[in-house]
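As structure tokens, the structure follows; a few thoughts come after it.
Everything numeric in this text was worked out from a predicted model, so none of it was measured. What's counted below: heavy atoms across the whole structure, side chains too, no hydrogens, waters or symmetry copies. Lettering of chains follows the sequences in order, A, B, ..., and the numbering in each one begins at 1.
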There are 2 protein chains.
Amino acid sequence: MKGPKKTVSSAEVARLAGVSRSAVSRTFTPGAYVSEETRRRVLEAAEMLHYSPNAIARSLSKKSSGLVGIIASNLDNPFYAAMLAELSSQLQRHDYGILLLVADSPKLDTLIPKLLSYQVDGVILPAATLSSQMAVILQRSGRPVVLVNRYLRDEVVSSVSGDNVGGGRAVAELLVATGHRRIAFIAGQDDTSSSRDRQQGLAEGLARHGIAICARETGQFNHHQGAIAARQLLSRYPRPDAIFCANDVMAMGALEVAKVEFGLRVPEDLAIVGYDNSEQAGWPLHQLTTVDQHLGAMAREAVELLVDRLRTGHDGIEHRIVPATLVQRATTRRRPD
Amino acid sequence: MKGPKKTVSSAEVARLAGVSRSAVSRTFTPGAYVSEETRRRVLEAAEMLHYSPNAIARSLSKKSSGLVGIIASNLDNPFYAAMLAELSSQLQRHDYGILLLVADSPKLDTLIPKLLSYQVDGVILPAATLSSQMAVILQRSGRPVVLVNRYLRDEVVSSVSGDNVGGGRAVAELLVATGHRRIAFIAGQDDTSSSRDRQQGLAEGLARHGIAICARETGQFNHHQGAIAARQLLSRYPRPDAIFCANDVMAMGALEVAKVEFGLRVPEDLAIVGYDNSEQAGWPLHQLTTVDQHLGAMAREAVELLVDRLRTGHDGIEHRIVPATLVQRATTRRRPD
DNA sequence: TTAGCGTGTGCACACGCGTGCAGAGACATG
DNA sequence: CATGTCTCTGCACGCGTGTGCACACGCTAA
């Protein structure tokens, strides 16, 4: 019970079982040539010694670690926390291990090489903003990379995203159909494709009815900045009669500001729409109308995309888009039939 | 640009630099004997070939992977999502890599051995409920383990937790001081030490004033079940005039039920207190009175505890307790002076 | 009997790296 | 010059595994 237990190797198992080390190795390698008798003796010896194969050594030998790197960020946003959980679960289902990097620190650029040094077989980046230098390094490593909920202008790396343009368009349709004309937008960060695309979708949808976005602020995808943006928007004259926020967290901030500070009735005086359909959005106190990105599907597609490339070894950039669904709740007026 | 780039090894760098492989190794090993001249040539050659040391091979050779396993769960709870982020950040600061396991799947028991097979140097478990069988396996592996926000009856593994008893007691004092007498409790899961201790603290604090907990329900630490529990409690007669919930998520569920379904004024008709001081608790719409566990401090202590054992190799069970702080907001009455 | 075949098995090398050890120089000291 | 010290370098082995290859063995067919 004291000291770091001496690690038991396949050699010792082999000795105890009276076979060669190869036999042990083959016993633990699915689909290898071992007689039933040998396998039995090996397993017995292994159990006795509490042997379990050393994945590090295996990785070295097979030149494949069975590890996938995930570069997570924005974990304070429930959407990305859930995304991480979902990605992990999917990867575990495919028997991959996960090397995690949390990228809120600005040291990201020194951390990615470290990730690669562990010979991860592939990398998934949900929502990370990737410096072009790191993109080059990842590219050069020759390992498949999948971006989730982001993409890069130069189509150099695969991605899975929600249909942000379509989602924005659906919001536009809903707002127009329920009688709104002065529609404002609260963006996330300007350099993210998701925020840009949602805005574009909104603009397109409105344009179809000859309407333009009446005002726009930036909320950095977080609650506090979202509230500030809403405060700005609601102080204008004429006041917007609807606000579309690039995510739920900001929408809840806007909702609070509208109710608490401006005493507005929602949706009578002001409609508010979010994006993500996070769990909180459905809570009775919010009842936020929002857009469901089908996070589970996105995670599944991302992992599938990656695993496919890992198994077949084929490389090829691919961009998948997961449809989005409008979820009507209590922060928008009822649609007339 | 095609195919998995051939991995470049230290031998090739050595050849290009005209030195031995040892020199290359030493150049990348802090505190090793290399002349300035050799180091320069090696670094130059390395840069030219885009060489970076293979951490897997290093791990095998050094018999230490530089990896720490984190077994996460309940990522849908903002508190644990933040905890994961904080733990990661702390570990990264200490230059450890993170092998992540998300344990919401019931397959946890098959996953832990896999984690160990990657030769993690240590393991951190926030909030995981550990089967006794896995506890044995972890124990046998001889690797340091730290439980966060949980502990085991048999003091066989180190832990860091918040002062749940103290927190519960503080809540009791507040509620009594603000005139409440019929105080109910919504528990998390019965088999978690954190929920039990918070309840115990509450009971102790109330007992000091000759009061007992008037009712109790279980909310599984999640929003939905929390709301159901609140519904039960508020349907009783006489109705409780205060509810203490074992975490914020359940408290928000209770808050909703109280306001929306029962039309109660908070805090006039009913006081509600949560636990965790999650970000959402502070949002204007909730303004939830709660207990701050000082998550950052907990993460720091946990990592420090682990890293200390990793560096010094000394083993020894230790239990640390991080003080909790009551955060008064709008869901409880103002304290009289 | 001999040749041929199919099934298991063990040998030996490879994977990429760290490091103890011995030894080569350079230099100072006696 | 002889000896010692100090700084660096390369050799060679070990870390624990996977696997190509040769080969042993038992059996069948000619």
Side-chain angles (χ1 to χ4, degrees), chain A residues 4-43 45-46 49-67 97 113-114 116-121 141, chain B residues 4-42 45-46 49-67 113-114 116-121 141:
Chain A
K5 257 334 196 327
K6 194 195 157 311
T7 144
V8 23
S9 78
S10 63
E12 311 177 37
V13 176
R15 197 178 322 127
L16 179 59
V19 298
S20 82
R21 217 179 40 68
S22 314
V24 179
S25 172
R26 288 195 248 263
T27 299
F28 287 94
T29 305
Y33 254 166
V34 212
S35 73
E36 216 35 64
E37 163 66 5
T38 313
R39 149 171 272 116
R40 201 186 49 71
R41 287 171 54 192
V42 167
L43 288 178
L49 299 177
H50 296 131
Y51 169 76
S52 121
N54 183 326
I56 293 283
R58 195 215 312 272
S59 304
L60 183 59
S61 174
K62 304 234 306 184
K63 297 156 101 42
S64 153
S65 63
L67 257 27
K114 173 149 182 173
L116 291 176
S117 80
Y118 277 98
Q119 314 299 107
V120 291
D121 293 340
S141 78
Chain B
K5 259 331 198 326
K6 194 198 158 309
T7 143
V8 23
S9 78
S10 63
E12 311 177 37
V13 176
R15 195 178 324 125
L16 179 58
V19 298
S20 82
R21 214 176 45 66
S22 314
V24 178
S25 172
R26 288 194 249 261
T27 299
F28 288 93
T29 305
Y33 254 168
V34 211
S35 72
E36 216 35 64
E37 164 65 6
T38 312
R39 150 171 272 117
R40 200 186 50 71
R41 287 171 55 191
V42 168
L49 299 178
H50 296 132
Y51 169 77
S52 122
N54 183 325
I56 293 283
R58 193 213 316 269
S59 304
L60 184 59
S61 172
K62 304 233 308 183
K63 298 158 100 44
S64 152
S65 63
L67 256 29
K114 172 148 183 174
L116 290 176
S117 80
Y118 276 99
Q119 312 300 109
V120 292
D121 293 340
S141 78

Can you give the first and last nucleotides of DNA chain C, 5' to 3', that have an atom under 4.0 Å from a heavy atom of chain B? C/dG16 to C/dG20
Residues touching DNA chain C, which here means a heavy atom under 4.0 Å, drawn from residues 49-61 of chain A: A/Leu60, A/Ser61
Taking only residues two or more places apart in sequence, or in another chain, which ones meet B/Leu67 in a side-chain contact (heavy atoms from CB on, under 4.5 Å)? A/Leu99, A/Tyr118, B/Ser65, B/Leu99, B/Val120
Of all heavy-atom pairs between B/Val13 and B/Ala46, which one has the smallest distance, and what is that distance? CG1-N, 3.9 Å
Work out how much the helix from C/dT1-D/dA30 to C/dG30-D/dC1 bends between its end axes, five pairs an end, to the nearest 10 degrees. 60°
Please enumerate all residues that pass side chain to side chain donor-acceptor pair (under 3.5 Å) together with B/Gln119, with sequence neighbours excluded. none
Categorize B/Val24 for me: base, sugar-phosphate, or nothing, with a 4.0 angstrom heavy-atom threshold over every strand shown. nothing
With A/Ser61 via side-chain contact (heavy atoms from CB on, under 4.5 Å) - residues at least two apart: none
Under the rule for side-chain contact (heavy atoms from CB on, under 4.5 Å), what residues qualify as partners of A/Arg40, not counting sequence neighbours? A/Glu37, A/Glu44
Hey, what do you get for OG (A/Ser64) to CZ (A/Arg58), rounding to the nearest 0.5 Å? 9.5 Å
Tell me the closest heavy-atom pair linking A/Thr7 and A/Glu12, and the distance in Å. O-OE2, 3.8 Å
Would you classify B/Ser9 as touching base, sugar-phosphate or nothing, given that sugar-phosphate means primed atoms plus P, OP1 and OP2, and contacts are heavy atoms under 4.0 Å? sugar-phosphate
Is A/Ser25 touching bases, backbone alone, or none of the nucleic acid, heavy atoms closer than 4.0 Å? base
For the student: nearest non-hydrogen atoms of A/Ala57 and B/Leu60, plus distance: CB-CD1, 3.8 Å
Please set out all donor-acceptor pairs under 3.5 angstrom arising from side-chain atoms of residues 20-29 of chain A, sequence neighbours excluded.
{"unit_1": "A/Ser20", "atom_1": "OG", "unit_2": "A/Ser22", "atom_2": "N", "d": "3.2"}
{"unit_1": "A/Ser20", "atom_1": "OG", "unit_2": "A/Ala23", "atom_2": "N", "d": "3.4"}
{"unit_1": "A/Thr27", "atom_1": "OG1", "unit_2": "A/Ala23", "atom_2": "O", "d": "2.8"}
{"unit_1": "A/Thr29", "atom_1": "OG1", "unit_2": "A/Ser25", "atom_2": "O", "d": "2.8"}

Protein-nucleotides 10-13 of chain D N/O pairs under 3.5 Å:
{"unit_1": "D/dG10", "atom_1": "OP2", "unit_2": "B/Ser20", "atom_2": "N", "d": "2.9"}
{"unit_1": "D/dG10", "atom_1": "OP2", "unit_2": "B/Ser20", "atom_2": "OG", "d": "3.0"}
{"unit_1": "D/dG10", "atom_1": "N7", "unit_2": "B/Arg26", "atom_2": "NH2", "d": "2.8"}
{"unit_1": "D/dG10", "atom_1": "O6", "unit_2": "B/Arg26", "atom_2": "NH2", "d": "2.7"}
{"unit_1": "D/dC11", "atom_1": "N4", "unit_2": "B/Ser22", "atom_2": "OG", "d": "2.8"}

A/Val19 and A/Val42: which non-hydrogen atoms are nearest, and at how many Å? CG2-CG2, 4.0 Å
Could I get the full list of salt bridge (Lys or Arg N to Asp or Glu O under 4.0 Å) partners for B/Glu36, not counting sequence neighbours? none
Just how far, in rounded Å, is C1' of D/dC6 from OH of B/Tyr33? 7 Å
Which residues satisfy the side chain to side chain donor-acceptor pair (under 3.5 Å) test with A/Thr38, sequence neighbours excluded? A/Ser35
Which sits closer to the 5' end of DNA chain D, A/Thr29 or B/Lys63, going by the nucleotide each is nearest to? B/Lys63
Between B/Glu36 and B/Lys62, the residue closer to the 5' end of DNA chain D by nearest nucleotide is B/Glu36
If you measure from OG on A/Ser10 to CG on A/Leu49, what distance do you get to the nearest 0.5 Å? 11.0 Å
